[in-house]
Amino acid sequence: MKLLTHNMLTSHVKGVTKGYPLLIKATEVKVNQLDFNPQFVSRMIPKLEWGALVQAAEDLGYRQDLPGELIADYEQNEEFLKKVHRVLLEVEVMEGCLKCPESGREFPITKGIPNMLLNEDDA
Amino acid sequence: MASSCRRPEHMAPPDVFYNEEEAKKYSQNSRMIEIQTQMSERAVELLNLPEGQPSFLLDVGCGSGLSGDYLSEEGHYWVGIDISTAMLDVALDREVEGDLVLGDMGHGMPFRAGTFDGCISISALQWLCNADKKSHSPPKRLFTFFSTLYSSLARGSRAVFQLYPENSEQLELITTQAMKAGFSGGMVVDYPNSSKAKKFFLCLFAGMTGVLPKGLGSETSDRAVSNQVQYSGQRCRFKNMKGKSVKKGRDWILEKKERRRRQGREVRADTKYTGRQRRPHF
């Protein structure tokens, strides 16, 4: 699971109103090499929940020097975009679990695939 | 129902039906791959994404990622969701570029509001019309799916579903639930006159009113798509016979006798022996 997906995932357990951001407990993290696409990264940045991304990166130990606040002219700043690209698309959680902040329900991640299936009573 | 054994939805729930054996077909059977890719191509065309811009898409029922491969080819980024672990394992083996999520579409889409620039789904929606468990209610599951999908799409984006509807009631159920969830749009039928090439696409617009695209091969639009098989010849053959019975059949004979009667000729009465096949003579 890439951190881009994590940034978009919410908990959909019954009764949970926000369920965001999901806490990551990772036991195995992988870094892939992926082609850098500045256009896509700068398009995605306004959609991101920046705080959640920084927090997730820090939890995994891949924050490096990512600023806590989103910088103003990120579109021109290629160095910044590259950092975001790395965190967003290259860092991948392979094993571990996601925890819903409200209900405490855990969604296991196996082979990089988060299992978001619900039981019948919390669907 | 005669066709019931041919529909995979009638055999088992999706997470059971798509086991290792079935999933293997999707990575080995070249005809299956070709059809899936063709349908994804058409679905992406119907999405009408802005050109030359990488989009972030959702693939519902991504399976082994055949449709996702096409999205990656077009330079888009995608997230796929599927209920079958065996199919997702095949997707992992094929090293698809998108991110995968294991989930049930009937439980709703677990994504933040306004995430995706579009959504495609190839041959998945009809699975939602089945109640595989006691607690399942298809209308409710469809509504949960559509309403959560609506919120996870960016305003002004589209969702295109290729589906195999079983009957018109099923289609109506799907479209009413989609409209209830706030979508506008409707069905696009490609090649409506051909039984084989006919494909149903449900085109939904989130938060805008658009003009529904025309189906391929329908009377009003006759644009030729180079990589799609032409069925024009076959269609003509059926057209010529429209409204007429098969020659030498009982219906044809009865019609002919009726015609003669109207002309005032002497015609034998219709009996149970009319148009009946005789026993073979040597």
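Reckoned from all heavy atoms, side chains included, excluding hydrogens, waters and symmetry mates. The sequence lines fix the lettering, A, B, ..., with proteins before strands; numbering per chain opens at 1.
- Around NZ of K24(B), the count of heavy atoms belonging to other residues, nucleotides or ligands within 6.0 Å does not exceed 12.
- Within a 6.0 Å radius of CD in Q28(B), more than 12 heavy atoms belonging to other residues, nucleotides or ligands are found.
- A salt bridge does not link K82(A) to E79(A): none of the charged side-chain nitrogens sits closer than 4.0 Å to a carboxylate oxygen.
- Judged as a salt bridge (Lys or Arg N to Asp or Glu O under 4.0 Å), and not counting sequence neighbours, the contacts of D117(B) are R43(A), K47(A).
- Among the candidates H136(B), M109(B), R112(B), K133(B), the residue making the largest number of heavy-atom pairs closer than 4.5 Å to chain A is R112(B).
- Only the side chain of E92(A) comes within less than 4.5 Å of a heavy atom in chain B; its backbone stays farther off.
- Of all the listed residues (M1(A), M116(A), K2(A)), the one sharing the greatest number of non-hydrogen pairs under 4.5 Å with chain B is K2(A).
- Both the backbone and the side chain of S55(B) come within less than 4.5 Å of a heavy atom in chain A.
- Counting heavy-atom pairs closer than 4.5 Å to chain A, the top-ranked of the candidates L88(B), L102(B), V79(B) is L102(B).
- Residue contact with chain A, scored on non-hydrogen atoms closer than 4.5 Å, involves the backbone and the side chain of Q53(B) alike.
- Evaluation of the side-chain contact (heavy atoms from CB on, under 4.5 Å) rule for E74(B) yields Y70(B), H76(B) as partners, not counting sequence neighbours.
- Here the side chains of M39(B) and S123(B) are in contact, with some heavy-atom distance below 4.5 Å.
- The parts of V101(B) that come within reach of chain A are both its backbone and its side chain, each placing non-hydrogen atoms under 4.5 angstrom from that chain.
- Chain B forms more heavy-atom pairs under 4.5 Å with one residue of T110(A), T5(A), I109(A), N32(A) than with any other, namely T5(A).
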Please evaluate residues F56(B) and F116(B) with respect to the criterion ring-ring contact (aromatic ring centres under 6.0 Å, His included), reporting the C-alpha separation (whole Å), side-chain torsions for both, the decisive distance (0.1 Å), and the verdict.
CA-CA 5 Å; F56(B) 191 45; F116(B) 297 103; 5.1 Å; yes

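- For F40(A), the parts lying under 4.5 angstrom from a heavy atom of chain B are both the backbone and the side chain.
- At a 4.5 Å heavy-atom cutoff, the contact between L100(B) and chain A is made by backbone and side-chain atoms alike.
- Only the side chain of L89(A) comes within contact range of chain B, judged by heavy atoms closer than 4.5 Å.
- Below 30°, between 30° and 60°, or above 60°: for W127(B) and F17(B) the angle between ring planes is between 30° and 60°, a tilted geometry.
- Using a 4.5 Å cut-off between heavy atoms, L4(A) touches chain B through its side chain atoms alone.
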